Structure formats: C-alpha cells, structure tokens
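One structure is given below, encoded as structure tokens.
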Amino acid sequence: YQMSEYERKLNELGIILPNAPAPAANYVPFVKIDNIVYVSGQISIGSDGLIKGVLGADMSIEDGMLAARQCAINLLAQVKAACDGNLDRLLRVIKLGGFVNSKPNFSEQPNVINGASDFLVDLLGDRGRHARTAVGAILPLGVAVEIDGIFLIK
C-alpha cells in the first residue's frame, strides 16, 4: 500500500483519515457518476465522538470552525473510499453545502464553514477552491455542523 501525497500531507498536520462511516439511514455515503462523486452530508464527529453545539448559544465561532474542519476530514474519508483507497485521484473540490446548527439570530454561518473551506484550500491548493452554500439549520443528534460535497476525481 502506497500512501497518497494528500495523506502524507494530512499526517504531517497530525490528521489520520478515519474509515468512512456507514450511513445512518436509507441512503448511500456517496454516488459516483462518471468522474463526479456526490458525498452525503458528513456530520461533525471525530475520534472523541460527536461535536455538538449551537452557534450563537453555547458554541464559539472558533469551535464551530473546528467542527466544520472535522466535517471536511470526514468528507475526504468518503472521497478516499470512492477512489478505492487512493486519495490522489481527487482532482477538485467542486461544491460544499454547509449547514450550521445555529440560533435564529446568528448570521456568521459563512465564517463557521470557512473552517472546512480553509482546510481544503490549505491541503489541496487551487484544487480545493470550490463553490459553496453556508446556511443555518437544526441538525441531527445536536451536532454543530454538517457538510455535503461534490468532487471531481480521475
């Protein structure tokens, strides 16, 4: 097994991609159509469990950004699975849909989702630049952030 260039870079950042989690309901974790991978929403869950919170209530923007970053890591785990274990097949992040568990008067969702966007651009350079949505939502299990994504692979 040869570790991909991206995974070496992740390891330098102290990040080990988790195994891609199985879906929690009647859907698939990703759908591949030609060279496009559509990844289902990945919630903010890390090695220590669920990252919960409500932005504008009991969670800071910085902690929300870390939750969004964890969603991006979980998206990459699904992309790796879609690429048969070779993350170097990832050519481009096309679009992210970011959902932030937030109070009705909270309007900093884009800053929270920057936690994912900045991470992907830092890791992938221009290949990490993407279109995106960042909105407030009520999320399952009380998680702080959920992000889905569309990716171009080879």
Side-chain angles (χ1 to χ4, degrees), residues 4 6-31 36-83 87 90-153:
S4 78
Y6 291 141
E7 281 190 272
R8 271 198 298 278
K9 205 167 171 183
L10 284 165
N11 288 354
E12 287 166 18
L13 296 169
I15 297 167
I16 308 275
L17 283 185
N19 289 323
N26 187 18
Y27 62 90
V28 293
F30 58 82
V31 171
I36 307 288
V37 180
Y38 299 83
V39 181
S40 294
Q42 300 297 300
I43 59 173
S44 52
I45 184 170
S47 55
D48 296 333
L50 296 172
I51 303 168
K52 296 182 175 188
V54 178
L55 277 292
D58 62 1
M59 184 176 248
S60 70
I61 289 176
E62 293 73 24
D63 286 342
M65 291 176 77
L66 289 171
R69 180 179 185 264
Q70 187 60 50
C71 291
I73 292 167
N74 297 340
L75 284 166
L76 289 177
Q78 295 290 0
V79 172
K80 178 183 172 184
C83 291
L87 196 58
L90 173 59
L91 292 176
R92 178 85 199 255
V93 182
I94 297 173
K95 186 173 191 294
L96 296 182
F99 305 90
V100 179
N101 191 355
S102 52
K103 286 185 66 168
N105 62 346
F106 182 81
S107 60
E108 302 292 317
Q109 290 87 358
N111 291 336
V112 173
I113 300 302
N114 281 345
S117 296
D118 294 348
F119 168 76
L120 290 169
V121 172
D122 289 347
L123 177 68
L124 305 169
D126 282 341
R127 292 176 170 199
R129 298 194 185 282
H130 51 270
R132 80 167 199 202
T133 303
V135 297
I138 297 168
L139 296 178
L141 308 173
V143 296
V145 180
E146 180 172 344
I147 303 176
D148 62 14
I150 305 171
F151 301 85
L152 179 66
I153 62 168

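Every value quoted in this text rests on a predicted model; they were computed, and no experiment measured them.
- Put simply, the side chain of L66 does not reach to within 4.5 Å of the side chain of E62, judged on heavy atoms.
- Using a 4.5 Å heavy-atom threshold, the side chains of L50 and I43 count as touching.
- L10 has its side chain out of reach of I16: every pair of non-hydrogen atoms, C-beta onward, lies at least 4.5 Å apart.
- In plain terms, the two heavy atoms of Y27 and S40 that are nearest each other are CD1-OG, 3.5 Å.
- Heavy atoms only, all atoms of each residue included: L139 and N101 are closest at CD1-N, 3.6 Å.
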Candidate pair L55 and E108, rule side-chain contact (heavy atoms from CB on, under 4.5 Å), full reasoning: CA-CA 9 Å; L55 277 292; E108 302 292 317; over 6 Å; no
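- When side chains are defined from C-beta on, L75 does not count as touching V93, because their heavy atoms never get closer than 4.5 Å.
- Between V135 and F99 the shortest side-chain heavy-atom distance falls below 4.5 Å.
- The main-chain N or O of P110 is found under 3.5 Å from a side-chain atom of R132 such that the two form a donor-acceptor pair.
- The structure places CD1 of I94 at 9.0 Å from CZ of F151, a figure rounded to the nearest 0.5 Å.
- Judged by distance alone, the side chain of R92 and the main-chain N or O of R129 form a donor-acceptor pair under 3.5 Å.
- Atom NZ of residue K9 and atom CG of residue L87 lie 11.5 Å apart, to the nearest 0.5 angstrom.
- Residues F106 and V112 meet the side-chain proximity criterion, which asks for heavy atoms closer than 4.5 Å.
- Using a distance-only test at 3.5 Å, with no hydrogens or angles considered, no donor-acceptor pair links the side chain of K95 to the main chain of I150.
- Contact annotation: the side chain of L76 never approaches that of I73 to less than 4.5 Å [non-hydrogen atoms, C-beta and beyond].
- Shown here for L120 and L96, the closest heavy-atom pair between the two residues is CD1-CD1, 3.8 Å.
- Checking side-chain atoms of S102 against main-chain N and O of S107 turns up no donor-acceptor pair under 3.5 Å.
- Side chains of N74 and Q70: a donor on one and an acceptor on the other come within 3.5 Å.
- Panel note: side chain Q78, backbone P21; a donor-acceptor pair is recorded below 3.5 Å.
- For the pair A67 and I51, the tightest heavy-atom approach, listed with the atom from each and the gap, is CB-CG2, 3.7 Å.
- Heavy-atom minimum distance, I147 versus C71: CD1-CB, 3.7 Å.
- Residue N19 places its CG atom among 12 or fewer non-hydrogen atoms of other residues, nucleotides or ligands, all under 6.0 Å distant.
- Annotation: the span from L123 atom CG to L13 atom CG amounts to 7.0 Å, rounded to 0.5 Å.
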Test side-chain contact (heavy atoms from CB on, under 4.5 Å) applied to R127 and L90, step by step: CA-CA 9 Å; R127 292 176 170 199; L90 173 59; over 6 Å; no
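- With contacts defined as side-chain heavy-atom distances shorter than 4.5 Å, the pair L141/I45 does not qualify.
- The shortest heavy-atom contact between A144 and S44 is N-OG, 3.3 Å.
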Residues F119, I15; criterion side-chain contact (heavy atoms from CB on, under 4.5 Å); working and verdict: CA-CA 12 Å; F119 168 76; I15 297 167; 3.5 Å; yes
